[in-house]
Peer 1: 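Just passing along the structure, written as structure tokens.
Chain A is the first sequence line, chain B the second, and so forth, proteins listed ahead of strands; every chain is numbered from 1.
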There are 2 protein chains.
Amino acid sequence: MKEKEAYNILVNSGIRPSVQRLAIMDYLLNHRTHPTVDEIFTVLGRKISTLSRTTVYNTLRLFADHHAAQMLTIDERRVCYDGDTRPHVHFLCERCGKVIDLFDEPVPVLTQAREVNGNLVVDAQLYYRGICAECQCKEKYILNN
Amino acid sequence: MKEKEAYNILVNSGIRPSVQRLAIMDYLLNHRTHPTVDEIFTVLGRKISTLSRTTVYNTLRLFADHHAAQMLTIDERRVCYDGDTRPHVHFLCERCGKVIDLFDEPVPVLTQAREVNGNLVVDAQLYYRGICAECQCKEKYILNN
DNA sequence: ATGGGTGCAAAGGATTTGCAACATT
DNA sequence: AATGTTGCAAATCCTTTGCACCCAT
């Protein structure tokens, strides 16, 4: 079933399915860790031994262009991707670098392209930055010891 | 007056004013182009001949950490900075790479740190992406000729 | 056989690091 | 003297590019 899901998303987004593209979309759907190119390359490269970094770069960009995935530029160092295309807030922990989904925060919903001051808005992203619950715990622990 | 403004922002933000820091803050206040490190280095380097790229990197990061300027990660290729710390939307044109301020769009205002699901939110950024008015014009022109 | 897709190696660019020199208190 | 700041060069890391090969239609 799960493999079917990746296939359907690609076809519905107008992307020709290939072995690599299906594997990468499948990875996105099953790992809600907001993976980077490198994470995907490292993990999938073990299964598809010929997989190249270039293909991962090309594929993820293709997904983003076709709105089959969200490209996140919240981390200043590297781009990461989210297979969940529903609008939601992303939180970056400045300590550990983790990206967390926040589904209960209000987001500007952009169901279709919208005009603002003559500019055509195609995509919207709301980013929060701060310190995640886990890292706050660690810091309190260190202070008390 | 203008130089005073840069000075005041630094001191009020708890940043020791140095020649370089004042010049960089002054540049930010007088150029609402969302400059990159390279833009600032190139322009200011002509006045302060010893200025180094490293210092520009360090200084801008310092400003962002002290909330004396906003760090924008809207462009996946490079970080840029905004001297205007009022909350507002940033629009990136995917054609020409320009970043435009949108002050009339609703933004989640974050006057102070806020807790969301145990995570401490310190900063919020709302980014729009699309095609700017100018680039739309150009494209229509090309289509009709 | 044609166009799209992939992989490799090299190049390109942005950012960080290590360290010595310098300024400021 | 001590601390914070700066500058240079080298290193690092992410991403793109050019090109040859391959696969499917």
Peer 1: Would you check if there is a donor-acceptor pair between the side chains of A:Thr59 and A:Gln20 at a distance under 3.5 Å?
Peer 2: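 Note: A:Gln20 and A:Thr59 side chains miss the donor-acceptor criterion.
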Peer 1: Of all the choices, C:dT6, D:dG7, D:dT6, which nucleotide is nearest to the side chain of A:Ser18 once you look at every atom?
Peer 2: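 Within the option list, the nearest is C:dT6.
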Peer 1: Counting any heavy atom closer than 4.0 Å, what does A:Thr50 reach on the DNA or RNA strands: base, sugar-phosphate only, or nothing?
Peer 2: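 Sugar-phosphate contact only.
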Peer 1: Working to the nearest 0.5 angstrom, can you tell me the gap between A:His90 NE2 and A:Gln125 CD?
Peer 2: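 One finds 6.0 Å between NE2 of A:His90 and CD of A:Gln125.
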Peer 1: On DNA chain C, does the nearest nucleotide to A:Val56 precede the nearest nucleotide to B:Asn58 from the 5' side, or the other way round? Give the residue.
Peer 2: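 Result of the comparison: A:Val56.
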Peer 1: If the threshold is 4.0 Å, N to carboxylate O, is there a salt bridge linking B:Arg32 and B:Asp82?
Peer 2: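 Result for this pair is no, no salt bridge flagged.
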Peer 1: Regarding A:Arg114 and B:Glu105, does a basic nitrogen lie under 4.0 Å from an acidic carboxylate oxygen?
Peer 2: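 Salt bridge: yes.
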Peer 1: Do the side-chain N or O atoms of B:Arg21 get closer than 4.0 angstrom to the phosphate oxygens (OP1, OP2) of D:dT6?
Peer 2: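 Yes, within the criterion.
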Peer 1: Verify the contact: side-chain N or O of A:Arg77 to OP1 or OP2 of C:dA14, cut-off strictly under 4.0 Å; return yes or no.
Peer 2: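 No, A:Arg77 has no side-chain N/O under 4.0 Å of OP1/OP2 on C:dA14.
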Peer 1: In whole angstroms, how far is the P atom of C:dA23 from the CD atom of B:Gln20?
Peer 2: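 It works out to 10 Å between those atoms.
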Peer 1: Would you indicate, yes or no, if D:dT15 has its OP1 or OP2 atom less than 4.0 angstrom from a side-chain nitrogen or oxygen of A:Arg53?
Peer 2: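 Negative; the distance criterion is not met.
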Peer 1: Side chain of A:Ser52, heavy atoms from C-beta onward: which of D:dC8, C:dG7, D:dC14 has the nearest atom to it?
Peer 2: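 Minimum distance to the A:Ser52 side chain belongs to C:dG7.
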Peer 1: Looking at the side chain of A:Thr55, which of D:dT16, C:dG7, D:dC8 is the nearest nucleotide?
Peer 2: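 It is C:dG7.
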Peer 1: Taking OP1 and OP2 of D:dT15, is either one under 4.0 Å from a side-chain nitrogen or oxygen of A:Thr54?
Peer 2: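 No, outside the criterion.
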Peer 1: Identify, between B:Glu76 and B:Ser49, the residue whose nearest nucleotide on DNA chain D lies closer to the 5' end.
Peer 2: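 Its nearest nucleotide lies further toward 5', so the answer is B:Ser49.
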Peer 1: Would you please confirm or rule out a distance under 4.0 Å between OP1 or OP2 of D:dT16 and any side-chain N or O of A:Arg61?
Peer 2: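 Result: yes.
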